[in-house]
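For reference, the structure discussed in these notes is given below.
As the structure is a computational prediction, the values presented were derived from the model and not from experiment.
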Amino acid sequence: MENYVSKLFRIMEEKGITAYQISKGTGIGQTTLSSWKTGTKPAMDKFVLVLQYIGISSDELFGLREPEYTPKKKKSYPNTGNMMYIKKNY
């Protein structure tokens, strides 16, 4: 089962939000955010600030309510196989 910190970082990735953006937008250091990934328990005030910044509620995070955000789709590129591109000299 996914813990709440892992879920937060997964949602950040889905929304295309980086730790750098959160750090700049909230004043919470990137090292603090990084330490959460490695097991340091987040201070609740900072954690709530991050939730507010990325635009989700604690109810959404903990699965008590359906998410209101739509994850960004990753860009996909068509498979070009072994196509060669020939540069023309004009």
Side-chain angles (χ1 to χ4, degrees):
M1 182 175 186
E2 186 177 41
N3 71 38
Y4 66 98
V5 173
S6 297
K7 189 170 183 179
L8 171 71
F9 282 97
R10 179 179 53 78
I11 292 169
M12 285 170 49
E13 184 177 326
E14 288 173 355
K15 293 183 87 162
I17 299 171
T18 65
Y20 176 79
Q21 291 169 315
I22 289 176
S23 178
K24 289 295 181 190
T26 64
I28 298 170
Q30 288 186 68
T31 54
T32 299
L33 296 169
S34 179
S35 73
W36 296 356
K37 279 186 171 181
T38 59
T40 301
K41 186 176 177 183
M44 203 47 55
D45 59 332
K46 290 181 180 180
F47 193 76
V48 170
L49 191 59
V50 171
L51 291 177
Q52 290 171 342
Y53 181 83
I54 65 173
I56 66 168
S57 69
S58 56
D59 285 348
E60 290 173 279
L61 183 72
F62 294 113
L64 302 174
R65 187 172 77 193
E66 289 296 315
E68 294 180 7
Y69 72 93
T70 304
K72 285 186 175 181
K73 292 185 179 181
K74 291 186 178 182
K75 291 182 182 179
S76 63
Y77 298 96
N79 184 358
T80 57
N82 291 326
M83 292 178 64
M84 290 181 60
Y85 293 94
I86 301 170
K87 181 179 177 183
K88 293 185 178 183
N89 294 325
Y90 292 99

Considering non-hydrogen atoms only, spot the tightest contact between [X] and [Y] and give its length.
{"X": "Leu61", "Y": "Tyr4", "result": "CD1-O, 3.9 Å"}
{"X": "Gly55", "Y": "Lys15", "result": "O-NZ, 3.9 Å"}
{"X": "Leu33", "Y": "Ser23", "result": "CD1-N, 4.3 Å"}
{"X": "Val5", "Y": "Trp36", "result": "CG1-O, 3.6 Å"}
{"X": "Lys46", "Y": "Thr32", "result": "CD-CG2, 4.5 Å"}

Open item on the list: I'd like to know whether NZ of Lys7 has more than 12 heavy-atom contacts from other residues, nucleotides or ligands below 6.0 angstrom.
Closed with: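 Buried by this count: over 12 neighbours within 6.0 Å.
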Open item on the list: In this structure, would Phe62 and Leu51 fall into the same cluster of hydrophobic residues linked by side-chain contacts under 4.5 Å?
Closed with: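 The answer is yes; both residues are in one hydrophobic cluster.
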Task: ring pair (Phe, Tyr, Trp, His ring centres under 6.0 Å) against Tyr53, all qualifying residues, sequence neighbours excluded - done: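 Residues passing ring pair (Phe, Tyr, Trp, His ring centres under 6.0 Å) with Tyr53: none at all.
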Task: Expected output: side-chain Glu60 to main-chain Ser57 donor-acceptor under 3.5 Å - done: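 Yes, Glu60 side chain to Ser57 backbone: donor-acceptor pair under 3.5 Å.
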Task: Side-chain (Thr26) to main-chain (Ile22) donor-acceptor, under 3.5 angstrom - done: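 Judged by distance alone, yes, a pair lies under 3.5 Å.
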Open item on the list: To the closest 0.5 Å, what do you measure between CD (Gln21) and CD1 (Ile54)?
Closed with: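 One gets 11.5 Å once the value is rounded to the nearest 0.5 Å.
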TODO: Please round to the nearest 0.5 Å and tell me the distance separating atom OG1 of Thr18 and atom CD of Gln30.
DONE: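 Reported value, rounded in 0.5 Å steps: 7.5 Å.
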